[in-house]
There are 2 protein chains.
Amino acid sequence: MELHEAKDKFIQAWGAFGSQWGINRSMAQVHALLLISPEPLSTEDVMEQLNISRGNVNMNLRALIDWHLVDKVLKNGERREFFQAEKDVWKIATNITRERKKRELEPMVRLLGELKQTTGTSAEAKAFKQTATDLHDLTSRIDAVLERSARSDVQWFLKAASTLLR
Amino acid sequence: MELHEAKDKFIQAWGAFGSQWGINRSMAQVHALLLISPEPLSTEDVMEQLNISRGNVNMNLRALIDWHLVDKVLKNGERREFFQAEKDVWKIATNITRERKKRELEPMVRLLGELKQTTGTSAEAKAFKQTATDLHDLTSRIDAVLERSARSDVQWFLKAASTLLR
DNA sequence: TGGAACTTTCAAATAGTATTGAAATATAAT
DNA sequence: ATTATATTTCAATACTATTTGAAAGTTCCA
């Protein structure tokens with residue numbers, strides 16, 4: 001496959017993949033573009049290559065920086081800001097995991113912890129409490145595993161897990 | 001907290017959580033409702049409790065069945081179909097994992113495998129191939145871990161992983 | 001066989017989300 | 001201080017996804 005075609009396929013696929021997981025398409029595409037670019041790119045570069053507006057690029061670059069997936073870099077003698085993606089895929093995975101855990105999983109664990117203590121003795125109340133308890137156990141456990149794998153090294157974790165499960 | 005309030009909170013939260021992960025809100029809410037219901041519910045029941053249309057309920061129940069998260073059950077003497085959720089949270093986690101892996105992760109792994117073989121020797125081509133290779137390694141590894149943990153038992157896996165990472 | 005009960009379909013409406021682009025703001029150079 | 005360049009904001013718009021609801025389809029029973 002030729003580079004041009006391959007780049008394009010990758011950007012499209014990464015965008016589609018992201019949107020299936022609740023990450024907006026443009027953000028995923030900007031990320032993809034920066035991932036495969038050996039040099040940092042300017043806002044203008046991203047606009048041109050992806051054919052999206054200045055506002056859109058700006059907003060998504062800021063979001064990517066917020067997720068620690070992209071850094072601003074300054075070139076000397078250049079007024080504009082340039083942007084480069086974190087290239088280490090393990091770091092990428094860790095950062096995404098850490099953010100989503102913090103923003104989505106932790107609040108859910110907290111809520112389930114509260115819901116476990118619902119009052120009532122009816123069949124309905126019992127079923128509810130059981131579900132809340134089970135889900136709380138599951139989510140806490142996932143939370144704990146992610147916490148530890150984010151702290152330590154994801155690569156090592158995956159290797160260890162593969163071995164464990166052989 | 002009272003049951004009524006707790007149920008409501010749970011359904012809302014599960015719906016919001018789902019939509020952050022690319023699962024539509026109604027589907028997640030129908031799932032939540034069935035999860036906390038000790039008895040199977042009819043289409044009509046779900047319509048009333050969630051205030052959503054017949055068509056919507058029907059479509060999402062079918063989707064949940066497709067994901068193996070909900071089963072049709074027949075009550076004898078009853079013409080209507082009833083629906084009950086799988087209550088074992090480990091099975092729920094396994095089924096969701098299995099489906100998403102199959103539908104989303106596997107195609108991505110396949111694509112990255114192809115993209116690794118892109119032609120070209122420019123800096124751009126090299127950066128591209130490196131990224132594709134790294135991502136292919138990462139996604140394949142995740143794929144392998146999920147494959148094994150889906151085959152075996154998720155609970156055991158999480159316990160083992162927690163221990164490993166202590 | 002007719003018709004009541006229930007389920008499914010799908011085009012149209014609605015709601016939700018993302019994107020644009022131009023104005024406002026900020027920053028740097030002269 | 002003025003101008004040129006770059007960045008940010010945000011109301012308007014475009015786009016996508018979801019939901020509705022009525023019609024069509026199916027199944028069961030008398």
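We name chains A, B, ... by the order of the sequence lines, and we start the count at 1 in each one. Values reported hereafter were calculated over all heavy atoms of this structure, with side chains retained and with hydrogens, waters and symmetry mates removed.
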Undergrad: Whole-Å distance between C:dC10 C1' and B:N60 CG?
TA: 15 Å
Undergrad: If you look at every strand shown and take non-hydrogen atoms under 4.0 Å, does A:N56 touch a base, only sugar-phosphate, or nothing?
TA: base
Undergrad: To the nearest Å, how far apart are A:M59 CE and C:dG21 P?
TA: 16 Å
Undergrad: Taking NZ from A:K75 and P from D:dA6, how many angstroms apart are they, rounded to a whole number?
TA: 13 Å
Undergrad: When you match A:R25 and A:E78 each to their closest nucleotide on DNA chain D, which lands nearer the 5' end?
TA: A:E78
Undergrad: Apply salt bridge (Lys or Arg N to Asp or Glu O under 4.0 Å) to the pair A:K91 and A:D71, showing each step before the final yes or no.
TA: CA-CA 13 Å; A:K91 283 192 187 159; A:D71 289 324; over 6 Å; no
Undergrad: Rounded to whole angstrom units, what separation is found between the CG atom of A:L74 and the P atom of C:dT27?
TA: 13 Å
Undergrad: Choose from D:dT19, D:dT7, D:dT20 the nucleotide whose nearest atom is closest to any side-chain atom of B:I52.
TA: D:dT20
Undergrad: Report the residue from A:Q49, A:M47, A:E48 that forms a side chain to side chain contact (heavy atoms under 4.5 Å, CB included) with A:L41.
TA: A:Q49
Undergrad: Please determine, for the side chain of A:R62, which listed nucleotide (D:dT8, D:dT19, C:dA18) has the closest atom?
TA: D:dT8
Undergrad: Could you tell me whether B:E44 contacts a base, only the sugar-phosphate backbone, or nothing, with contacts defined as non-hydrogen atoms closer than 4.0 Å?
TA: nothing
Undergrad: Can you get from A:L34 to A:L74 by hopping between Ile, Leu, Val, Met, Phe, Trp and Tyr side chains that sit under 4.5 Å apart?
TA: no
Undergrad: Whether A:T43 contacts D:dA6 is assessed here as follows: a side-chain N or O lying under 4.0 Å from the phosphate OP1 or OP2. Is that the case?
TA: no
Undergrad: Let me know the distance between CZ of A:R80 and C1' of C:dA26, rounded to the nearest Å.
TA: 17 Å
Undergrad: Under 30°, 30 to 60°, or over 60°: which ring-plane class applies to B:F17 and B:W14, parallel, tilted or perpendicular?
TA: parallel
Undergrad: Can you find a side chain N or O atom of A:N58 that sits less than 4.0 Å from OP1 or OP2 on D:dT8?
TA: yes
Undergrad: Could you tell me how far apart B:N51 (CG) and D:dG21 (P) are, to the nearest whole angstrom?
TA: 11 Å
Undergrad: Please round to the nearest 0.5 Å and tell me the distance separating atom OG of B:S42 and atom CG of B:L61.
TA: 9.5 Å
Undergrad: Looking at A:N24, does any N or O in its side chain come under 4.0 Å of the phosphate oxygens OP1/OP2 on C:dT19?
TA: yes
Undergrad: What is the separation between atom CG on A:L61 and atom P on D:dT7, rounded to the nearest whole Å?
TA: 10 Å
Undergrad: In this structure, how many angstroms lie between the P atom of D:dT7 and the CD1 atom of A:I65, rounded?
TA: 11 Å
Undergrad: Looking at the base of C:dA5, is there any donor atom on it, or on the side chain of B:R79, that sits under 3.5 Å from an acceptor on the other one?
TA: yes
Undergrad: What about A:R54, does its side chain sit under 3.5 Å from the base of C:dT20 through a donor-acceptor pair?
TA: no
